[in-house]
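What follows is a single structure, written as structure tokens, with notes after it.
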Amino acid sequence: MYESDRVGLAILVGKEKGQGSGCGGGLGEREIIELIKKRLDVLPGSFLPFGDDVSAVALDEVRVAVLKTDMLVGKTDAPRGMSWWQAARKAVVMNVSDFAAKGVEPKAALVSLGLPRGLLQRDIEDIGRGLNSGAREYGAYVIGGDTGEASDLVVAVSLYGIAERKRLMLRRGARVGNILAVTGFFGKSAAGLRLLMDGYAASADLREVLVGSVFMPQARLKEGLALAGSQAITSSIDSSDGLAWSLNELCRMSGVGFQITSVPVADEVKSFADFNGLNALELALHGGEEYELVVHR
């Protein structure tokens, strides 16, 4: 984990002031979740807030079963040029990243596939290989699932693991005086998407790095397990929805605010932004599709 001015630190300074949701006229994800949540019965003895990175069910007084599901949809999550193998692997990595944010080792995955008509046998084989690569890369196995026809590629992964309840790193828990730290630099995925979708330019070497961050995301599982083992973390989230959103979510869940002294913008992003007349800070804060951990300690 990087933890210096060159990566970005913040000191929590007080209680969070009230803010609007920041959503437009349509329903955002948080509003949709709230509408559904109000119509669900609460699991007796539940201790993990609805809306954290994972869900959990107590197995005994010490251990919990940790569950996560996330869905990749081709139209919104697999940009032009991403292979079937890469898309399937990414669907697994998306889930593993949330386990990393809680400090939980994944054990097994179930996968439901919605497959568009017209796929070739080699395409389906590539999807299978991508699922296996994503799972085995992080020590897990795909143990079953379901398939069906869909108008677009849909890969819904459900991940399972077991953890000690006291070691889970929740989104809530940050306290005044904590330090905010991250596991890496930001903006490469956002820049890579600009290259793939909006026609911006970059040198061959820079393009390889930026596009590679989109096609081959990496979950910070080793870092998450180490941080959980330290028992020094008061709150944690992964940054897949964007650094700015993740910071706001930690504030909301813990009821605190913070002062940022620097933002960890990747050098490659600064070069790309300078060449194309873009704002590197915007790419780092609002890009999303990055799987770093954002933690308080």
When you group the ILVMFWY residues by side-chain heavy-atom contacts below 4.5 Å and let the links chain together, are [Y] and [X] in the same group?
X    : Y    : answer
F272 : V263 : yes
L247 : V265 : yes
L170 : I237 : no
I127 : L120 : no
L285 : L278 : yes

| said: Going by side chain to side chain contact (heavy atoms under 4.5 Å, CB included), F215 matches just one of S83, S189, P79. Which one? | reply: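 Of the listed residues S83, S189, P79, the side chain to side chain contact (heavy atoms under 4.5 Å, CB included) partner of F215 is P79.
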Is the backbone N or O of [Y] less than 3.5 Å from a side-chain atom of [X], with the two atoms forming a donor-acceptor pair by type?
X    : Y    : result
R80  : L196 : yes
D60  : V62  : yes
D152 : K75  : yes
S97  : V93  : no
R167 : A163 : no
S254 : V256 : no
Y138 : A219 : yes
E31  : G28  : yes

Quick test of your reading of the model: are [X] and [Y] salt-bridged, counting only N-O distances below 4.0 Å?
X    : Y    : value
R122 : E125 : no
R171 : D53  : yes
R63  : E164 : no
K68  : D98  : yes
K90  : E289 : yes
K188 : E290 : no
E137 : R89  : yes
R172 : D52  : no

Is the closest side-chain heavy-atom distance between [X] and [Y] below 4.5 Å?
X    : Y    : answer
V73  : L153 : no
V92  : V96  : yes
V155 : L131 : yes
P106 : Y160 : no
L110 : I143 : yes
V64  : L168 : yes
L159 : L67  : no
M169 : L227 : yes

Do other residues, nucleotides or ligands put more than 12 heavy atoms under 6.0 Å from the [atom1] atom of [X]?
X    : atom1 : value
M216 : CE    : yes
F275 : CZ    : no
M82  : CE    : yes

Quick one: pull up [atom1] in [X] and [atom2] in [Y] and give me the separation to the nearest 0.5 Å.
X    : Y    : atom1 : atom2 : result
T234 : N178 : OG1   : CG    : 3.5 Å
T69  : M94  : OG1   : CE    : 9.5 Å
D267 : K270 : CG    : NZ    : 5.0 Å
E249 : S239 : CD    : OG    : 13.5 Å
D123 : W85  : CG    : CH2   : 15.5 Å
F186 : S213 : CZ    : OG    : 12.5 Å

| task | Check whether the side chains of E292 and T183 place a donor and an acceptor atom closer than 3.5 Å, and report yes or no. | result |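 The criterion, which ignores hydrogens and geometry beyond distance, is satisfied for T183 and E292.
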| query | Among side-chain atoms of D238 and S240, is any donor-acceptor pair under 3.5 angstrom? | reply |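 Side-chain D/A pair, D238 to S240: present.
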| Please walk me through it: do R194 and N276 pass side-chain contact (heavy atoms from CB on, under 4.5 Å)? | CA-CA 10 Å; R194 296 296 193 283; N276 289 281; over 6 Å; no
| field | Plane angle bin for F258 and H296 - parallel if under 30°, tilted between 30 and 60°, otherwise perpendicular | value |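 Tilted, since the angle between the ring planes falls between 30° and 60°.
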For the student: nearest non-hydrogen atoms of [X] and [Y], plus distance:
X    : Y    : answer
F99  : V66  : CZ-O, 3.5 Å
V111 : V157 : CG2-CG2, 4.2 Å
V142 : A135 : CG2-CB, 4.0 Å
A190 : L283 : CB-O, 3.5 Å
V104 : I162 : CG1-O, 4.4 Å
G257 : C251 : CA-SG, 3.9 Å

| field | Full working for side-chain hydrogen bond (donor to acceptor under 3.5 Å, both in side chains) between Y291 and R220 | value | CA-CA 7 Å; Y291 299 94; R220 295 290 197 174; over 6 Å; no
| Yes or no on side-chain contact (heavy atoms from CB on, under 4.5 Å) for E268 and L210, after CA distance, side-chain angles and deciding distance? | CA-CA 8 Å; E268 296 91 343; L210 298 178; 4.0 Å; yes
| Criterion side-chain contact (heavy atoms from CB on, under 4.5 Å) on L115 and E149, from CA distance to verdict | CA-CA 5 Å; L115 301 175; E149 185 177 327; over 6 Å; no
| Audit row: F50, L40, side-chain contact (heavy atoms from CB on, under 4.5 Å) steps and yes/no | CA-CA 11 Å; F50 201 108; L40 300 176; 4.0 Å; yes
| R165 NZ/CZ over F47 ring centroid, <6.0 Å and within 45° of normal |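 Yes.
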